[in-house]
Amino acid sequence: MPSADELPRTCKAATFSNPGPNFKLEVTDVEVPKPGPDEILLKLNATGLCHSDIHFMMADWEGLAPQVNIAGHEGAGVCVAVGENVKDWKVGDRGGIKPVNNICRTCDNCRVDLETHCTQAAFPGFNAMGSYTQYVCSPAHYTQRIPDGVDDFVAGPIMCSGGTAYRSLRLSGLQMGQWCCFPGGGGGVGHMALQIGKAMGLRCIVIDAGDEKAELSKKLGAEHYVDLTKTKDVAAEVMKITGSGAHGVVVTASHPSAYVTAPSLLRVGGIVMCIALPSSDETVVGTSPAGFVFKQLTVKGTLVGSYDDTAKALDLAARGLLKPVYQKFSLNDLPKAVELLRKGKIAGRAVVDLNDYKSE
């Protein structure tokens, strides 16, 4: 482990320019930052890729134009330097970057399990430097610790998708033995939600497209797979499987149709959990008010995992109950991986080896 005096002056990072539909992403040299008094410096070994990264770079979420040029919020690595006020981290400790990377700890939201809605929150890739880089500073008090037995390529994706899925399922109120549908369950967040649902004792139905995601879903514990490319009436198929509908639907697919159809999959008293964020503001959870009233349906949104949610998801991984499935890419190929993710060509998660870079 290099000392602070031996750290490089520059490192490789994937920086983006021209935010919008035609954003440009390229690997270049950037300065290695120095940690502030209350920060640590992480050398990241891996970063997962998330659809939210693409939304930020495309600037297609109204009011959320990116303020930085390095995206990413699924970093995992090791502490290589600490600020002068930091007492509880040391060089060699393992840590990660998650979607919310700093909170004030004093506002109303921070005090009541709503810390990810902190009024002063820092969001890597939006208003704080993201994880598409080999070195990044992080507030010591909120840097996620990575437990032994969880390697960086597993920990990285859990920083976002694992913690996010855990929070949604925790707040859903679903109980062991109940049916839960996962639209998009073969994707990056969805395949982790499926595994967490299985660990909770839920009976899981994945709704997705194609044989590759069918194979993945069955491997990870789905009782049933409904293939959108082969099933004309998804709601009828879910009713056939469950008898009277699912108890819950956890929407991890960002296509608006996933939200439009979600209520039709539910039984009386069911709940729709909203995770995915389509770019269109016109997307609705589709049914009339009468549909919600006569079936007593609930719709609930959750943002991303809190520190504790992410810690619990990492603990599931340490116990062998959560295993992100990922495709590994070199740092050189990070822009290519983002484009594949943008086109929906990634089964599971895409993870970049930030140490795998070859000069061209």
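Numbering of residues begins at 1 and proceeds along the displayed sequence. Everything numeric in this text was worked out from a predicted model, so none of it was measured.
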Supply the atom-to-atom distance [X] [atom1] to [Y] [atom2], rounded to the nearest 0.5 angstrom.
X      : Y      : atom1 : atom2 : answer
Ile158 : Thr164 : CD1   : OG1   : 11.5 Å
His224 : Lys240 : NE2   : NZ    : 10.5 Å
Ser288 : Phe294 : OG    : CZ    : 8.5 Å
Leu321 : Ile196 : CG    : CD1   : 10.0 Å
Ser52  : Leu277 : OG    : CG    : 6.0 Å
His51  : Met58  : NE2   : CE    : 11.5 Å

Is the [atom1] atom of [X] crowded by more than 12 outside heavy atoms at less than 6.0 Å?
X      : atom1 : value
Asn85  : CG    : yes
Lys295 : NZ    : yes
Glu339 : CD    : yes
Gln296 : CD    : no

What residue pairs, at least two apart or across chains, pass side-chain hydrogen bond (donor to acceptor under 3.5 Å, both in side chains) with a residue in residues 148-158?
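Of all non-adjacent pairs touching residues 148-158, those that pass side-chain hydrogen bond (donor to acceptor under 3.5 Å, both in side chains) are Asn45-Asp152, Arg94-Asp152.
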
Check whether any side-chain heavy atom of [X] sits under 4.5 Å from a side-chain heavy atom of [Y], and report yes or no.
X      : Y      : value
Glu74  : Val351 : no
Val352 : Leu49  : yes
Arg267 : Thr242 : yes
Phe123 : His73  : no
Pro335 : Val27  : yes
Phe329 : Asp353 : no
Phe23  : Pro21  : no
Asp208 : Ser217 : no

Nearest heavy-atom pair of [X] and [Y]: which atoms, and what distance?
X      : Y      : answer
Pro263 : Tyr259 : CD-O, 3.5 Å
Pro99  : Pro124 : O-CD, 3.0 Å
Gly190 : Thr252 : CA-OG1, 3.3 Å
Ala76  : Ile146 : CB-CD1, 3.8 Å
Phe16  : Val68  : CZ-O, 3.1 Å
Ala13  : Ile70  : CB-CD1, 4.0 Å

Pi-cation contact, Phe153 with Lys328 (under 6.0 Å, within 45°)
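Cation-pi check for Lys328 and Phe153: passes.
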
Transitively linked via ILVMFWY side-chain contacts under 4.5 Å: [X] with [Y]?
X      : Y      : value
Met129 : Tyr135 : no
Leu194 : Val325 : yes
Ile97  : Val80  : no
Ile346 : Met192 : no
Ile275 : Val304 : no

Would a line drawn from the ring center of Phe126 to the ring center of Phe56 be shorter than 6.0 Å?
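Close enough - the centres of the two rings lie under 6.0 Å apart.
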
Worked verdict on Leu331 versus Asp356 for side chain to side chain contact (heavy atoms under 4.5 Å, CB included)
CA-CA 6 Å; Leu331 178 53; Asp356 184 1; 5.8 Å; no

Donor-acceptor pair between [X] and [Y] side chains, under 3.5 angstrom:
X      : Y      : result
Ser138 : Asn101 : yes
Asp88  : His141 : no
Glu115 : Tyr142 : yes

Could you go step by step and tell me if Thr15 and Leu25 meet the side chain to side chain contact (heavy atoms under 4.5 Å, CB included) rule?
CA-CA 6 Å; Thr15 62; Leu25 185 62; 6.0 Å; no

Going by salt bridge (Lys or Arg N to Asp or Glu O under 4.0 Å), name the pairs with one or both residues in residues 18-44, residues two or more places apart or in two chains.
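Passing the test, one end in residues 18-44: Lys12-Asp29.
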
Return yes if some donor-acceptor pair links the side-chain N/O of [X] with the main-chain N/O of [Y] below 3.5 Å, else return no.
X      : Y      : value
Gln144 : Tyr307 : yes
Asp53  : Cys50  : yes
Asp233 : Ala236 : yes
Gln195 : His191 : yes
Asn109 : Asp113 : no
Ser168 : Ala165 : no

Walk me through whether Leu228 and His255 qualify under side chain to side chain contact (heavy atoms under 4.5 Å, CB included).
CA-CA 12 Å; Leu228 293 169; His255 195 281; over 6 Å; no

Run through Val251, Val249, Val285, Ile271 and flag the one making a side-chain contact (heavy atoms from CB on, under 4.5 Å) with Val299.
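Testing each of Val251, Val249, Val285, Ile271 against Val299, the sole residue satisfying side-chain contact (heavy atoms from CB on, under 4.5 Å) is Val285.
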
Option passing side-chain contact (heavy atoms from CB on, under 4.5 Å) with Val136 (candidates Val32, Leu44, Ile40):
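Option passing the side-chain contact (heavy atoms from CB on, under 4.5 Å) with Val136: Leu44.
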
Asp333 bridged to Lys336 by N-O distance under 4.0 Å
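Between Lys336 and Asp333 there is no salt bridge, as every charged N stays at least 4.0 Å from the carboxylate O atoms.
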
Hydrophobic cluster (4.5 angstrom, side-chain heavy atoms) - remaining members for Val112:
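Listed partners: Leu114.
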
Report the hydrophobic cluster partners of Val268, with the cluster defined as I, L, V, M, F, W, Y residues connected by side-chain heavy atoms closer than 4.5 angstrom, directly or transitively.
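Reading the cluster by chain and number, Val268 sits alone, since nothing else belongs.
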
Member of Asp315, Asp308, Asp309 meeting the salt bridge (charged side-chain N to carboxylate O under 4.0 Å, His left out) criterion with Lys312
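With Lys312 as partner, salt bridge (charged side-chain N to carboxylate O under 4.0 Å, His left out) holds for just one option, Asp308.
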
Side-chain polar contacts of residues 174-188 - donor-acceptor pairs under 3.5 angstrom, sequence neighbours left out - could you list them?
| unit_1 | atom_1 | unit_2 | atom_2 | d |
| --- | --- | --- | --- | --- |
| Gln175 | NE2 | Gly173 | O | 2.9 |
| Gln178 | OE1 | Gln175 | N | 2.8 |

List the atom pairs, with distances to 0.1 Å, where a side-chain N or O of residues 198-207 and a protein N or O form a donor-acceptor pair under 3.5 Å, not counting sequence neighbours.
| unit_1 | atom_1 | unit_2 | atom_2 | d |
| --- | --- | --- | --- | --- |
| Lys198 | NZ | Gly221 | O | 3.4 |
| Arg203 | NE | Glu223 | OE1 | 3.4 |
| Arg203 | NE | Glu223 | OE2 | 2.9 |
| Arg203 | NH2 | Glu223 | OE1 | 3.0 |

Run Leu314 and Leu322 through side chain to side chain contact (heavy atoms under 4.5 Å, CB included) and show every step you take.
CA-CA 8 Å; Leu314 287 165; Leu322 179 57; over 6 Å; no

